[in-house]
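Below, chains carry the letters A, B, ... as their sequence lines are ordered, and counting in each starts from 1.
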Amino acid sequence: MRSTRDFKIESTTAADLPAELHDRILSAMNQAADEERLCRKMESYLRRLRPAELTSQLAGRIGIEMYVTADSCRKKTRRLYWLRGSAAVAAAVVMLAAYGLPIMGAGSAVAEGGDYGNSSRRVLDYQNSDKSEWRRDAAPTRSYDVLYEDSIELDIEGTKAFIRVPVTREIEAEEDYL
Amino acid sequence: MNDKPASTTVDKDSSPIDWSSWLAEYGSQLLLYARQQCRNQSDAEDVLQEALVQLVRAVESGSFTGARTQWCAYAYTAVRHLAMDRGRREQVRLNYVRNQQETLQEGKEEAPWLSSAADDEYLRSRLEAMLRQLEPDFAEVVVLHIWGNHTFQQIADMTGTKLSTIASRYRYALKKMHDELKNNPIER
């Protein structure tokens with residue numbers, strides 16, 4: 001069955017095609033048109049169909065796997081954020097200590113003549129120490145003065161030994177500073 | 001469909017991802033492709049599951065940089081690669097026709113690939129049987145183009161084949177199915 005799309009090569013005024021070539025081309029054109037119609041027809045059949053739905057069992061199984069995977073990935077991401085945050089905070093503390101910037105009350109120590117910029121531990125220990133105690137126990141020498149007690153806590157066989165180490169400084173340095 | 005709560009999280013666009021909805025939308029067409037790629041139903045289901053888990057992992061971890069509209073293409077490609085990785089593809093190539101014929105004759109695989117309206121059931125069974133009997137490479141193009149809504153260019157990119165080859169395969173597949181229908185017309 002030919003449709004209106006069948007091709008016909010009309011005679012031209014310029015130069016008529018040789019009969020043999022005319023038939024060959026016409027045949028090829030009609031064959032191409034046939035193939036195109038055939039494709040459209042088969043496509044129309046195929047497009048009336050749909051992929052079969054997943055069974056509820058399979059959908060449930062895959063859905064759970066996807067849920068678990070997504071959850072796991074989110075936890076990993078959160079852990080990474082936490083680690084990055086912790087690293088950033090630690091780096092900030094180290095930088096602040098290294099460059100001698102006052103943090104969380106250490107400013108008072110500086111005001112009292114302390115120079116705690118060389119060790120973050122000293123600054124932190126100073127905050128936690130009893131100022132009156134170290135002032136009372138300070139050695140009244142001209143050369144050295146006890147600034148504070150550096151404390152080290154050691155957990156030896158469950159007994160938390162608390163060792164105090166007096167930290168001293170030359171008076172001259174303080175005078176120069178003042 | 002799924003008793004678990006919808007797996008929602010946030011993607012790059014800060015909008016929530018509902019994987020359950022995504023699965024409901026694209027699951028059937030991906031399963032059809034998996035079944036065309038694999039030897040049997042259970043293999044196809046395993047491959048589909050693995051491919052979708054890969055997709056979720058890639059999206060959630062941020063390693064997949066494509067937009068949301070590209071997830072489906074990613075899943076199709078994953079299905080294809082996984083089917084190949086499992087070493088099934090070669091066996092499918094060698095035994096495809098024989099297996100399909102055996103399957104059809106013995107009624108081993110009852111679950112249909114396609115669905116249809118009730119009055120098209122006979123058409124469905126005929127077309128599905130013909131689709132299964134096509135060469136895998138030809139059937140693949142039909143499945144991806146008709147039900148996966150992929151262009152020939154996308155299929156060529158996905159399969160690493162020339163565009164002209166894909167177009168030829170498609171035409172050949174439809175012609176073969178048409179000839180089969182012509183020899184044995186659909187009767188109701």
Closest heavy-atom contact between [X] and [Y]?
X: B/Tyr76; Y: B/Gly148; answer: OH-CA, 3.3 Å
X: B/Leu23; Y: A/Ala59; answer: CD2-O, 3.7 Å
X: A/Pro51; Y: B/Ser28; answer: CB-O, 3.5 Å

Contact origin within [X] toward chain A - heavy atom pairs under 4.5 Å:
X: B/Val143; value: neither
X: B/Leu32; value: side chain
X: B/Leu114; value: both
X: B/Tyr33; value: neither

Query raised in the report: Around atom OH of B/Tyr172, are there more than 12 heavy atoms of other residues, nucleotides or ligands at under 6.0 Å?
Result: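 No - once you tally the heavy atoms of other residues, nucleotides and ligands closer than 6.0 Å, there are 12 at most.
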**Report entry** Interchain contact, A/Leu49 with chain B, by part (heavy-atom threshold 4.5 Å)
**Finding:**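 Both parts, backbone and side chain.
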**Report entry** Aromatic centroids of B/Trp147 and B/Trp113 separated by under 6.0 Å
**Finding:**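 Centroid distance B/Trp113-B/Trp147: not below 6.0 Å, so no.
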